[in-house]
There are 2 protein chains.
Amino acid sequence: MLTIGTLGKKTGTKVQTIRYYEQIGLMPEPGRTEGGQRRYGHAELDRLAFIRHSRQLGFSLEAIRELLDLSDDPDRPCHEADSIARRQLKQIEQRMARLEALRTELKRMVRECSGGNTSDCRVLEVLRDHSECLTDHEDIGA
Amino acid sequence: MLTIGTLGKKTGTKVQTIRYYEQIGLMPEPGRTEGGQRRYGHAELDRLAFIRHSRQLGFSLEAIRELLDLSDDPDRPCHEADSIARRQLKQIEQRMARLEALRTELKRMVRECSGGNTSDCRVLEVLRDHSECLTDHEDIGA
DNA sequence: TTTGAACCTCTAGCAGGTAGAGGGTGTACA
DNA sequence: TGTACACCCTCTACCTGCTAGAGGTTCAAA
């Protein structure tokens with residue numbers, strides 16, 4: 001039987017985060033000692049490892065919830081899991097494209113910096129003048 | 001004199017967001033009509049455009065606060081603004097590298113999906129088994 | 001003058017946690 | 001058996017960067 005702290009160490013998760021996952025129903029309510037402390041078994045360790053790995057791949061908690069539901073039911077067809085993963089891949093590719101555009105603009109800004117005073121700083125100037133901006137950024141999220 | 005709605009349209013900012021920027025001290029308290037409605041001039045329009053453009057380049061509100069302080073003082077040396085921009089560029093390059101690694105792993109997952117049942121789904125299997133994971137993801141942020 | 005779009009404040013909510021207060025538990029060691 | 005102290009508990013509030021809605025007021029065109 002594992003304490004919450006041990007579980008946290010084994011999976012690289014903060015104790016508070018494990019309790020948070022329990023609160024939102026992603027982790028089950030574990031058994032308790034007489035004194036009320038949580039004790040976990042292997043099933044919970046596996047489940048938490050699954051969650052953490054999925055988070056590291058950028059899946060949202062909602063997507064992970066779906067994936068966990070799927071993996072609880074071995075007879076459901078695989079394409080649902082596959083399509084969640086594809087969706088995730090697409091999101092990541094979109095984010096990368098966006099970051100690529102930002103990188104180009106920032107590089108240009110930095111390259112053109114004169115090293116003088118802020119009054120003729122290229123960085124500030126570029127930020128002030130949106131019309132020089134080549135990229136169209138619809139939304140701001142990372 | 002511009003209403004808050006007009007300012008919002010000109011800069012692509014929601015009205016609530018402008019009020020939020022005022023609340024956190026990023027935008028100044030503007031003049032008001034007798035009835036209490038906000039009215040803006042050109043200085044505020046420029047300032048908001050600066051903020052929005054910086055946000056679109058991924059700068060945090062704190063970084064923008066620094067940049068605005070710098071640009072308010074034309075005699076300060078430029079290298080502070082330059083280093084904020086370089087920091088931002090670095091962050092973006094780190095994020096891109098991270099996303100690149102995730103993309104590789106997700107692509108592998110999706111490619112290997114059998115199309116059968118979840119019981120032998122490659123996607124779920126990979127998520128369950130962290131040891132197959134080639135990348136080391138320190139933190140999860142986007 | 002009337003209509004109705006746009007404005008006002010205030011509070012609460014989103015993701016995905018993190019931090020701290022104030023107190024209880026479990027166990028190793030003497 | 002006592003005691004130290006690391007770890008656990010709940011609860012609440014905070015973080016970023018907004019967004020939504022309730023309930024009410026103002027402005028400007030027709």
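Throughout, a chain's letter reflects where its sequence line sits, starting with A, and its residues are numbered from 1. It should be emphasised that the depicted structure is a prediction, and the values quoted were computed from it without experimental measurement.
Distance, Gln91(A) CD to dA15(C) P: 14 Å, rounded to whole Å. Nucleotide dC9(D) holds its P atom 9 Å from the CD1 atom of Ile18(A), rounded to whole Å. Protein atom CG of Leu26(B) is 12 Å distant from nucleotide atom P of dT16(D), rounded to whole Å. One can place CD1 of Ile64(A) at 8 Å from P of dG17(C), the figure rounded to the nearest angstrom. Distance Tyr40(A) OH to dC8(D) C1': 11 Å, rounded to the nearest Å. The interatomic distance linking Glu22(A) (CD) with dC8(D) (C1') rounds to 13 Å, in whole Å. Note: CD (Glu29(A)) to P (dC9(D)) measures 13 Å, nearest angstrom. Distance Tyr20(B) OH to dG13(C) P: 17 Å, rounded to the nearest Å.
Mapped onto DNA chain C by nearest heavy atom, Lys9(B) and Lys14(A) fall at different nucleotides, with Lys9(B) at the one closer to the 5' end. Nearest-nucleotide assignment on DNA chain D puts the 5′-proximal partner with Leu61(B), out of Arg19(B) and Leu61(B).
One can find a donor-acceptor pair under 3.5 Å joining the base of dG20(C) and the side-chain atoms of Gln16(A). In this model, no side-chain donor or acceptor of Glu62(A) finds a partner on the base of dA15(C) within 3.5 Å. With hydrogens and angles ignored, no donor-acceptor pair under 3.5 angstrom links the side chain of Gln23(A) to the base of dG17(C).
Listed for the Thr118(A) side chain is a donor-acceptor partner under 3.5 Å among the backbone atoms of Asp73(B). A donor-acceptor pair under 3.5 Å is absent between the side-chain atoms of Thr6(A) and the main chain of Leu2(A), judged by distance alone. No donor-acceptor pair closer than 3.5 Å links the side chain of Arg98(A) to the backbone N or O of Leu102(A).
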### Query
Can you give one letter per nucleotide of nucleotides 23-30 of chain D, 5' to 3': B if a protein heavy atom sits under 4.0 Å from the base, S if only from the sugar-phosphate, - if neither?
---BSS--

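Here dT10(D) is the nucleotide among dA20(D), dT10(D), dA6(C) with the atom lying nearest to any side-chain atom of Arg38(A).
In this view, Thr11(B) and Thr13(B) satisfy the side-chain hydrogen bond (donor to acceptor under 3.5 Å, both in side chains) rule, not counting sequence neighbours. Shown here are the side-chain contact (heavy atoms from CB on, under 4.5 Å) partners of Glu93(A), two or more places apart in sequence or in another chain: Leu89(A), Arg103(B), Lys107(B).
We find the NE2-CG distance between His79(A) and Asp82(A) to be 9.5 Å, quoted to the nearest 0.5 Å.
Neither OP1 nor OP2 of dA15(C) sits under 4.0 Å from any side-chain N or O of Ser60(A). Of the side-chain N and O atoms in Tyr21(A), none sit less than 4.0 angstrom from OP1 or OP2 of dG16(C).
Contact annotation for Ile4(A): backbone-only contact, meaning every heavy-atom pair under 4.0 Å involves sugar-phosphate atoms and none involves a base.
A side-chain contact (heavy atoms from CB on, under 4.5 Å) with Arg38(A) is found for one member of Thr3(A), Ile18(A), Ile4(A), Val15(A) and no other, namely Ile4(A).
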